[in-house]
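See structure below.
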Amino acid sequence: MSAKAPREDYSDDAIEVGPPKSFAAGIGGVYHSMEPAIKQMGVARTARLMAKINHQDGFDCMSCAWPDPEHRKLAEFCENGGKAVTWEATPLTVERSFWLANPLSSLQDKSEYWLGQQGRLVEPVHKAPGADHYTPVTWEEAFAIVAARLGELDDPNEAAFYTSGRASNEAAFVFQLFARAWGTNNLPDCSNMCHESTGTAMTYSIGIGKSTVSYRDFGQADLIIVMGQNPGTNHPRMLTALQEAKENGAEIVAVNPLPEAGLIGYKDPQRVRGYLGRPTKIADQFIKIRSGGDMALLQAVSARVLAAEAAAPGTVLDHPFLERYCDGFPAFADHLAALDEHEVALATGVPAAEIDELADRYLRAERVIVCWAMGITQHRKGVDTIKEIINLLLLRGNIGRPGAGASPIRGHSNVQGDRTMGVWEQMPDSFLDALSAEFGFDPPRDHGVDAVRGIRALDEGRIKVWVGLGGNLLGAISDTALAESAMEKTRLSVQLSTKLNRSHVVTGEEALILPVLGRTEVDLQESGPQYVTVEDSVCAVHASHGQIPPVSDQVRSETAVVAGLAHATLGDRYGIDWPAMIRDYDVIRDHISRVVPGCADYNTKTRTRDGFVLPNGPRDERRFETETGRARLTANELEHVHCPPGRLLLQTVRSHDQFNTTIYSLNDRYRGIKKGRHVVFVHPDDITELGLVDGQQVDVFSEWPGQPDRVLRGLRVVAFPTARGCAATYFPEANVLVPLDSTALESNTPVSKAIVVRLSPSPGDSPA
Ligand code: SF4
């Protein structure tokens, strides 16, 4: 099986490769966010919007889910937040002439980058069965098509309702209500592909799948361990929090295969010395770990903690905490007593002295936070690795007190809120019971499909209607060829979107694009302007108010479109008053108050200046809602990926000019790449050992037991100081290398890290 990302619209011929940066942000960050903003939106619109990002009376940044500080500065955004706003609020629009000029067969050859550059979607369009063009339709016609196709299904489970992490809490709540009133729990979401491993592990170990720290805790920590995360690109304002933590005396340890700029240094663009002075050093210790070695590292650190306790009994572990709140310590300790240090060395590639140093830092610190992202979750053993993070924290009572805790960092602005609102294929019975009591129907109880199972069901013809509330599933999920052919088998695919992406051009037999408002835009309904709400990475919920007029009077809010689809499909079934929800979102928030745990008085609490923080058992009162009512230390079988000679362990990464599948430009400034994306980063010694040359073109073959190799062709080898034996290339292009069924154990998240690959010179390419 082979594939090459379509790229007829740009070439890498002029690619420039320079040295990687050793710090993030600074004046470059300001320039690179403001220059495109002013160019595309003009000075006045730029100034108006940038002054309102992440402010209490403004709108929530639609990019990542990093939380906001209590005391906000004039500019409360980063380079990537600025780019996300420009991308959404561009006045450029997709006009009718575009649809006439561009048949789907030609749009399918365009890259994500080109599609995203075409501007905002401004009217509903429909692709009839057999047609090669989208043509405009009215909203009423669009709603009627969806209602008709759903009505033709034999079983409600033949439909699926996918959610992206940008959808507001109001839209998400109405969407899951629509799906369940329709009769299915088929509610896959983008979280299935990123932090599902986090939810699975944390829920098992401590009874909640969310961060146990608040924003303030970062400033109170003694030690912050950042694992498998690249905050300089994916959560840039986190660097300000890390800088402040350091100023308060915290140490920071980064654990990552690549020495990313933002993990090394930071120049705060909000301070004078961010322009004139030297960068703040971020990581006091940088552990350049072999991809997939995190679980072994964590076990090795915990083993050292246990050894320190054995050497000085009663002085190292938090015995009162362990006795009062935790189960599983004896089995955990027994398991680690047999830890094989040789296997740790093989798995991590990290010298024992560096592990000793990390263990010493952990033992010195009174308050420890561990943060992580997809460098941890997207491994085959991602769930067990996160359980090891929790083990390490529990040993010294680092959960449920100031300055300490477990902090998964979410990538999309409301991905956590959507889950809180019920977008999950496995919502517990307690939530479904509350939904039933509120709306007078019995929601389905069988679990629905997640993203991977959803694609499989499409491929096998078991799902025939796919409705996507935002996002770009086909761009994001593994096994691109299979996912696309699966989508093409469906009868109807529907996308609610602001801009074009791959999921609009590879469609079902029949397709609809329904254009929606962005976060920056005023959402005016019958009762007046509406606000929506979101939840950040640390469980804080707040309002978001649109600021500028909508890009077109044809565009509707996500909430209005979802409720409109539901009304057209279900009418007044169960007496649910969908039009009332469109008229006034307070009606939705009143429902949320009565259905969603922790959201009582939702209208009142979201109208306060800073919103409110959701209850969190482990954080607030060391309450652990596991099956046993106690936190659980777990014994996890160590496993590491064996990499045969001549092979490398590949991980996918995002460029600095990218947000998820959205490509803002072809540059990756921090890694030294300009004007191209088809590169593979490899350690210089590995390049030599493999008989390759820096700058050479190679084909990357991924190897899977019992399956044919997969290939991504034509990547330029770039020498990069990554961990030995490892390589990295860009998502989403590299999704073709991962089979659909290669997923993390327990969480079913596609495995996009530690992929065994071989690099083979591209035919006809002579080494540079
Ligand atoms: S850190 Fe994240 S949420 Fe904050 S402005 Fe940057 S991209 Fe937006």
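Here, residue 1 is the first one in the sequence, and each next residue gets the next number. FYI, side chains are in, hydrogens and waters are out, and symmetry mates aren't considered; it's all heavy atoms of this structure. Both ligands and their constituent atoms are indexed starting at 1 by order of listing.
- No side-chain heavy atom of Arg671 sits under 4.5 Å from any side-chain heavy atom of Pro19.
- Counting protein heavy atoms only, atom 1 (S) of ligand 1 is closest to Arg237 N, 3.3 Å.
- There is no side-chain donor-acceptor pair under 3.5 Å between Asn234 and Gln229.
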Practice prompt. Dump the intermediate steps for side-chain hydrogen bond (donor to acceptor under 3.5 Å, both in side chains) on Asn256 and Asn230, then the final yes or no.
Written response: CA-CA 8 Å; Asn256 204 51; Asn230 178 14; over 6 Å; no
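- Ion pairing between a basic and an acidic side chain is recognised when a charged N comes within 4.0 Å of a carboxylate O; Asp57 and Arg609 show no such pairing.
- The closest approach between Asn54 and ligand 1 falls below 4.0 Å for a heavy atom of the residue.
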Discussion item. Using the rule given for side-chain hydrogen bond (donor to acceptor under 3.5 Å, both in side chains), can you reason through Gln243 versus Asp268, listing the C-alpha separation, both sets of side-chain angles and the distance that settles it, and then say yes or no?
Written reply: CA-CA 8 Å; Gln243 174 180 255; Asp268 185 350; 3.0 Å; yes
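- Annotation: atom 6 (Fe) of ligand 1 to nearest protein heavy atom, Cys78 SG, 2.2 Å.
- Residue Cys64: an N/O/S atom is found under 2.8 Å from atom 2 (Fe) of ligand 1.
- Taking the six-membered ring where tryptophan is involved, the planes of Phe161 and Phe175 are perpendicular, since the angle between them exceeds 60° and thus also 30°.
- Close approach to Gly81 involves these atoms of ligand 1, each under 4.0 Å from a residue heavy atom: 5 (S), 6 (Fe), 7 (S), 8 (Fe).
- For Cys61, every N, O or S atom stays at 2.8 Å or more from atom 6 (Fe) of ligand 1.
- Under 4.0 Å from ligand 1, the heavy atoms of Ser63 that appear belong solely to its side chain.
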